[in-house]
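As the structure is a prediction and not an experimental result, all values here were calculated from the model. Chain letters run A, B, ... following the sequence lines, proteins first, then strands; residues in each count from 1.
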Amino acid sequence: DTEVTQTPKHLVMGMTNKKSLKCEQHMGHRAMYWYKQKAKKPPELMFVYSYEKLSINESVPSRFSPECPNSSLLNLHLHALQPEDSALYLCASSPVNLGMGNQPQHFGDGTRLSIL
Amino acid sequence: QQQVKQSPQSLIVQKGGISIINCAYENTAFDYFPWYQQFPGKGPALLIAIRPDVSEKKEGRFTISFNKSAKQFSLHIMDSQPGDSATYFCAASTATSGSRLTFGEGTQLTVNP
């Protein structure tokens, strides 16, 4: 079992729906990440939060809206998605890089999202 | 310059054999090189990682070999088992990249019984 928990595991939504993906970790990590992964491809970074502040947005379309309500939770709000947004959405967490070298990222098992 | 090139794309090994996956990079600022293992329907799991101040790191049956001058690193899986069948991703990052991981394209490993 992973220490990063993502819900739901599967989500099917229409292009006009609004839904949210949730991620929770209790490892005391203060950096949290959203990735998108297409089949047979590596994860692609979308957003990074550090100390609950958005630090990296990899030019993600505004139909994806991240939120970090506290140090343990990370949400991804979805609205007006396109069929090409169908993918596995992964959350990860790590200690914050304090200039002493990168820290290992721990991934959840993802939410499999299908857009009809 | 941010690319990490991974080979082979797929690999079939007999049980008990050695699986070898190679990665090459261009950016000399990379200073952290993790390997992730991903099973179908699961997220990537950190397998082993190395920093460029060492040439080799071993954890159980898994070994990373690192060649700084050649800008290459590889994963060796000794005594490969059917349970090792998964997709393996190498990755690299720099201390100043804001924790961005640059992933290789992945290797699908199949270990036959």
Are Tyr51(A) and Leu73(A) connected, step by step, through hydrophobic side chains (Ile, Leu, Val, Met, Phe, Trp, Tyr) whose heavy atoms are closer than 4.5 Å?
-> no

Is Leu78(A) reachable from Met32(A) through a run of hydrophobic residues whose side-chain heavy atoms are each under 4.5 Å from the next?
-> yes

Any idea which of Pro44(B), Gly41(B), Ala45(B) has the most non-hydrogen atom pairs under 4.5 angstrom with chain A?
-> Pro44(B)

Heavy-atom proximity to chain A below 4.5 Å, by part of Gln108(B) = side chain

Where does Gln6(A) contact chain B at under 4.5 Å (heavy atoms): side chain, backbone, both or neither?
-> neither

Please flag which part of Pro34(B) lies under 4.5 Å from any non-hydrogen atom of chain A: side chain, backbone, both or neither.
-> neither

Inspect the surroundings of NZ in Lys18(A) and state if more than 12 heavy atoms from other residues, nucleotides or ligands are less than 6.0 Å away.
-> no

Could you tell me which portion of Gln37(A) (side chain, backbone, both or neither) has an atom closer than 4.5 angstrom to a non-hydrogen atom of chain B?
-> side chain

What residue in Gly110(A), Ala31(A), Pro42(A) has the most heavy-atom pairs under 4.5 Å with chain B?
-> Pro42(A)

Hydrophobic cluster membership, Ile64(B) vs Val54(B), 4.5 Å side-chain cutoff | yes

With only heavy atoms counted, which part of Gln38(B) is less than 4.5 Å from chain A, the side chain, the backbone, both or neither?
-> side chain

Under a 4.5 Å heavy-atom cut-off, does chain B meet the side chain of Lys9(A), its backbone, both or neither?
-> neither

Can you tell if the side chain of Leu101(B) reaches within under 4.5 Å of the side chain of Tyr35(A), non-hydrogen atoms only?
-> yes

Just wondering, more than 12 heavy atoms not from Gln9(B) lying within 6.0 Å of its CD?
-> no

What pair of heavy atoms forms the shortest contact from Gln105(A) to Leu46(B), and how long is it?
-> O-CB, 4.4 Å

Non-hydrogen atoms of chain A under 4.5 Å away: do they reach the side chain of Tyr36(B), the backbone, both or neither?
-> side chain

Spacing of Gln103(A) atom CD and Tyr32(B) atom OH [to the nearest 0.5 Å] = 7.5 Å

Would you say Met27(A) has more than 12 foreign heavy atoms packed within less than 6.0 Å of its CE?
-> yes

Same cluster for Leu74(A) and Phe47(A) if Ile/Leu/Val/Met/Phe/Trp/Tyr side chains link at under 4.5 Å?
-> yes

Closest approach of Arg100(B) and Leu45(A), non-hydrogen atoms and distance?
-> CG-CD2, 3.7 Å

With the 4.5 Å side-chain cut-off for hydrophobic clustering, are Val4(B) and Leu47(B) part of the same group?
-> yes

